[in-house]
Asks: 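Here's a structure for you.
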There are 2 protein chains.
Amino acid sequence: MAGLREQKKAETRKAIIKSAVQLFSKKGFEKTSIEDIAKAAGIGKATVYTYFSAKSDIFMTYCDDELEEAFTDLKKPKDDGVTLLNQLIEFFMIKFNFITQNHEFGRQLLREMLFPKQVDEKVKEHDQRYFDFLYELFFAAQERGELADDQDLYQLSVHFFSLYLGILAGWYGGYVDSVEEIENWMRDLFSQVFKGIGR
Amino acid sequence: MAGLREQKKAETRKAIIKSAVQLFSKKGFEKTSIEDIAKAAGIGKATVYTYFSAKSDIFMTYCDDELEEAFTDLKKPKDDGVTLLNQLIEFFMIKFNFITQNHEFGRQLLREMLFPKQVDEKVKEHDQRYFDFLYELFFAAQERGELADDQDLYQLSVHFFSLYLGILAGWYGGYVDSVEEIENWMRDLFSQVFKGIGR
DNA sequence: AGACAAAGTCGAACGCAGTCGAGTTTCTCA
DNA sequence: TGAGAAACTCGACTGCGTTCGACTTTGTCT
C-alpha cells in the first residue's frame, strides 16, 4: 500500500500552494497570514510548516514553476537584420512584462531572488540560464561585428542585467510609471553602453 | 528658552542611534529588538517610534550621518589628477562597505529600499541626496572635460547606480565573495561605460 | 491481529514589530 | 503667571511568523 500517505501529502502540498497563491494575489504577500492560508487549505496553522520552511518558501516554490514556463516562452531565436540593441530590449522587455504582470508577486520575487536569505542553488541555476542566453546573443553580435573583439561577454551580461535591475528598482520605487517610459529608459541606458560616455 | 525640548529630542535621538548601533554590532540586526534598543537608551519602546518610523530607519539614518562626512571629503579635493572613474569607485565602495558591514541588515534594507511595500517619500528623499551628489561629481567631470558634453547627467547617475545594484545582487547572491573582487567588478563595469562597447 | 515506531497534525505559546490612547511635560499667550 | 493647547512618553495591546509538544494516524514486523 505504498503511497497512501505520500499521496495525501502531495495533495495537501498542492492545496497549500493553491490557497497561498490565491490569497497572495488577492491580498498581497504581507497581508496574507499563514493562518489564512492554512484555513483556506483546510489544515492547521502549524501543519503548513511541515511542508514549507517559511512563508517565503511557499511563494518561491510556486515561482519556480512559473519561471520555468516564462523561460520556454523566451526561447525563440531572433532573425537576422536585427541589431543587438533591439534584441536586448526585446529580451528584457519580455522579462519585465512577465515579472511585473502581478505587481505584488514581482516585488516579492525580486526581493527573494536578488537578496536571498541564504544562497539558493535553484535561483542560481535559473540565473545561469539567462546569462547563457545573453551570452549567445552577444557572441552572435560579436561575429556580426557589432561588438568590439576584446569584450568579455560574461561581463557584458552582468552589465546589461544590472541596468535591467536599476530599471526595475525605478519601477517599484515609483520613479517610472508607464511601460513606454520603461522602454525608453532601457533604450537610452543600453545605448549609452554601446557608445560610451567618455570623449 | 527656545529649544529645551528640541535639545532633549536631539539627545534622545542620538542615544537611540548609539544604543542601536552598539546592539546591532553585538547581537546582529535581527536579534536586536526595539525593546532592547529602547531599554539601552533609557526610554520606552513606543517612544522609539516617534523618532524613527521603523527599525531599519534607525540604521539608515546612522548610515546617512556617517556617510555624509565621508562624501563631503570626496567632493572637495580635485586639483590632483583624480579621475571621475576613481571618484565613482570610491563613492560606491564606501556605500558598499557600509551597507554590507552587517550582512543581514544590508539585505533587509536593500529589499525595503529597492522593492518597497509602498512608495515611501522618505526613501525617495534619501535616494535623491545620493543622486544629487553624483550629479555634482559628473558636472565637475564634465567641466574638466572627462565627459562628452551631450551627456544627460541624471541618466548617468541612474546608469552607475544600476551597476552598483547589480554588484550588490552579485554579492548577496553568492557570486562574489571578497571585497577585492567587488572592487574589480566595479572598476571593470564602470570602465566599460566610459569606453563603450561598440567598435 | 496487535503492538510499537514513525510520521503527521494542530492548538497553544513565544518573541517581536509596530500601534493605541491615556497620562505627563513643555510651550504659548493673554 | 496660570490655564489651555500642543507635543511627547510609554505600558499595554494587536497581529503575525514560527516553534513546541502533546495527540492522532499510518506503516511495519512478528
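Protein chains get the first letters and strands the later ones, always in sequence-line order, with residue 1 at the start of each.
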Asks: Can you measure B:Tyr49 atom OH to C:dC20 atom P for me and round it to whole angstrom units?
Replies: 13 Å
Asks: Please work out which residues in residues 105-119 of chain A have a non-hydrogen atom less than 4.0 Å from an atom of DNA chain C and list them by number.
Replies: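 When residues 105-119 of chain A is checked for heavy atoms under 4.0 Å from DNA chain C, there are no hits whatsoever.
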Asks: Within residues 27-40 of chain B, find the residues that approach DNA chain C with a heavy atom at under 4.0 Å, and present them sorted by residue number.
Replies: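 Listed by number, they are B:Thr32, B:Ser33, B:Ile34.
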Asks: Does a side-chain N-to-carboxylate-O contact under 4.0 Å join B:Asp36 and B:Lys27?
Replies: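 Looking at B:Lys27 together with B:Asp36, the answer is yes, because their closest N to O distance falls below 4.0 Å.
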Asks: Please tell me whether A:Phe91 and A:Phe133 form a close aromatic pair, meaning their ring centres lie under 6.0 Å apart.
Replies: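 Yes, close enough.
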Asks: Enumerate the protein-to-nucleotides 20-24 of chain D contacts in which both atoms are nitrogen or oxygen and the separation is below 3.5 Å.
Replies:
none

Asks: Write down the atom of B:Leu153, the atom of B:Gln142, and the distance for their closest heavy-atom approach.
Replies: CD1-OE1, 3.8 Å
Asks: In this structure, would A:Val119 and B:Phe105 fall into the same cluster of hydrophobic residues linked by side-chain contacts under 4.5 Å?
Replies: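 No, because A:Val119 and B:Phe105 fall into different hydrophobic clusters, even though each may have its own neighbours under 4.5 Å.
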Asks: Answer with yes or no whether B:Lys45 presents, from its side chain, a donor or acceptor under 3.5 Å of a partner atom in the base of D:dG11.
Replies: no
Asks: To check you understand the geometry: which heavy-atom pair defines the closest contact between B:Trp171 and B:Val179, and what is its length?
Replies: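 Looking at all heavy atoms of both residues, the shortest contact is CZ3-N, 4.3 Å.
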Asks: Going by number, which of residues 50-63 of chain A have a non-hydrogen atom under 4.0 Å from DNA chain C?
Replies: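 Heavy-atom cutoff 4.0 Å gives A:Thr50, A:Tyr51.
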Asks: If we only count heavy atoms from C-beta on, is the A:His103 to A:Tyr172 side-chain gap below 4.5 Å?
Replies: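 Contact flag for A:His103/A:Tyr172 side chains = yes.
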Asks: Taking A:Val21's backbone N and O only, do any of them form a donor-acceptor pair with A:Ser25's side chain (distance below 3.5 Å, no angle check)?
Replies: yes
Asks: Is there, by distance only and without an angle test, a donor paired with an acceptor across the side chain of B:Lys8 and the base of C:dT26 below 3.5 Å?
Replies: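 No pair found.
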Asks: Given the ring of A:Phe71, does A:Arg129 sit roughly above its face, with NZ or CZ under 6.0 Å from the centre of the six-membered ring and within 45° of the axis?
Replies: yes
Asks: Would you say a side-chain N or O of B:Thr47 is under 4.0 Å from OP1 or OP2 of D:dC10?
Replies: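 Answer yes for this pair, as a side-chain N or O of B:Thr47 is under 4.0 Å from OP1 or OP2.
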Asks: So, using ring pair (Phe, Tyr, Trp, His ring centres under 6.0 Å) as the criterion, who are the partners of B:Phe52 when residues are at least two apart?
Replies: none
Asks: On a heavy-atom basis, which atom in B:Glu181 and which in B:Val176 lie closest, and how many Å separate them?
Replies: CB-CG1, 3.4 Å
Asks: Please enumerate all residues that pass side chain to side chain donor-acceptor pair (under 3.5 Å) together with B:Asn86, with sequence neighbours excluded.
Replies: B:Thr83, B:Arg187
Asks: Could you tell me the separation between the CD atom of B:Gln7 and the P atom of C:dT26, rounded to a whole number of Å?
Replies: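 Rounded to whole Å, this separation is 12 Å.
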Asks: Quick one: pull up CG in A:Leu156 and CG in A:Leu137 and give me the separation to the nearest 0.5 Å.
Replies: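 One gets 11.0 Å once the value is rounded to the nearest 0.5 Å.
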Asks: Rounded to the nearest angstrom, tell me the gap between atom CD1 in A:Ile43 and atom P in D:dT25.
Replies: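 After rounding, the gap between these two atoms is 16 Å.
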Asks: Hey, what do you get for CD (A:Glu35) to NZ (A:Lys45), rounding to the nearest 0.5 Å?
Replies: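 If I round to the nearest 0.5 Å, the distance is 4.5 Å.
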